[in-house]
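Remarks on the structure that follows.
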Amino acid sequence: MKYMHKAIWQCDGNLVIRGNTRALLFRALEDVQADLAKRENADELKRTLSALQEVLGAYDGKLPSANELLGDPQKERLSRNLLKLTTI
């Protein structure tokens, strides 16, 4: 997994979310909303996500894919396996 900045709690209670972590939050929100659009009987969760989207606003710019943010899991698995082979 690629390096992700940690969210930082400030002493006044605010939460600072930087860079790729902010993009990951918006990506997760969009992916969950897309999945919920296919479901019935998820009205409460849809309402909660809608309120969160309203509070957060829109992401500024093109939202990266999960693979762009986190890295390709198959490539990472292959890299780890190759690393294990070279250490044997």
Side-chain angles (χ1 to χ4, degrees):
M1 187 168 99
K2 290 184 177 181
Y3 174 78
M4 300 296 289
H5 291 94
K6 297 237 182 217
I8 301 169
W9 285 104
Q10 295 182 324
C11 58
D12 61 1
N14 289 330
L15 181 64
V16 177
I17 302 173
R18 301 179 298 157
N20 53 4
T21 305
R22 184 171 176 272
L24 182 63
L25 174 64
F26 278 93
R27 168 55 43 206
L29 181 61
E30 187 174 294
D31 290 349
V32 170
Q33 284 178 332
D35 186 58
L36 282 177
K38 303 172 194 172
R39 298 182 187 201
E40 299 174 18
N41 301 333
D43 294 333
E44 189 173 337
L45 187 53
K46 288 178 183 178
R47 185 171 161 239
T48 303
L49 287 175
S50 177
L52 179 60
Q53 181 70 53
E54 188 175 317
V55 169
L56 290 175
Y59 186 75
D60 49 343
K62 180 185 172 281
L63 190 58
S65 70
N67 277 350
E68 290 172 334
L69 288 168
L70 301 173
D72 185 3
Q74 289 181 331
K75 285 183 181 177
E76 284 186 29
R77 194 175 311 115
L78 179 64
S79 296
R80 280 194 304 269
N81 288 340
L82 288 174
L83 184 61
K84 287 179 187 176
L85 287 175
T86 59
T87 58
I88 293 178

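Computed from a predicted model, the values in this text were never measured in an experiment.
Hydrophobic clustering of Ile, Leu, Val, Met, Phe, Trp and Tyr side chains at less than 4.5 Å, counting indirect connections, keeps Leu52 apart from Val16. Grouping the Ile, Leu, Val, Met, Phe, Trp and Tyr side chains by contacts below 4.5 angstrom, directly or via other members, places Leu70 apart from Ile17.
Applying the ring pair (Phe, Tyr, Trp, His ring centres under 6.0 Å) definition to pairs two or more places apart or across chains, none involves residues 28-57. Applying the ring pair (Phe, Tyr, Trp, His ring centres under 6.0 Å) test to every pair with at least one member in residues 40-76, sequence neighbours left out, gives these pairs: Phe26-Tyr59. Identified under the side chain to side chain donor-acceptor pair (under 3.5 Å) test for residues 41-52, with sequence neighbours left out: none.
When all heavy atoms of Ala23 and Leu69 are compared, the pair lying nearest together is CB-CD2, 3.7 Å.
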For residues 28-36, which side-chain N or O atoms pair as donor and acceptor with protein atoms under 3.5 Å away, sequence neighbours left out?
unit_1, atom_1, unit_2, atom_2, d
Glu30, OE2, Arg27, NH1, 3.4
Asp31, OD1, Arg27, NH1, 2.8
Asp35, OD2, Arg39, NE, 3.2
Asp35, OD2, Arg39, NH2, 2.8

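Considering CG of Leu63 and CD of Glu68, their distance stands at 9.0 Å, rounded to 0.5 Å.
Looking at residues two or more places apart in sequence or on another chain, you find a side-chain hydrogen bond (donor to acceptor under 3.5 Å, both in side chains) between Arg22 and Asp60. Not counting sequence neighbours, the partners of Gln74 by the side-chain contact (heavy atoms from CB on, under 4.5 Å) test are Asp72, Arg77.
Using a 4.5 Å cut-off between side-chain heavy atoms of Ile, Leu, Val, Met, Phe, Trp and Tyr, Val55 forms no hydrophobic cluster with any other residue.
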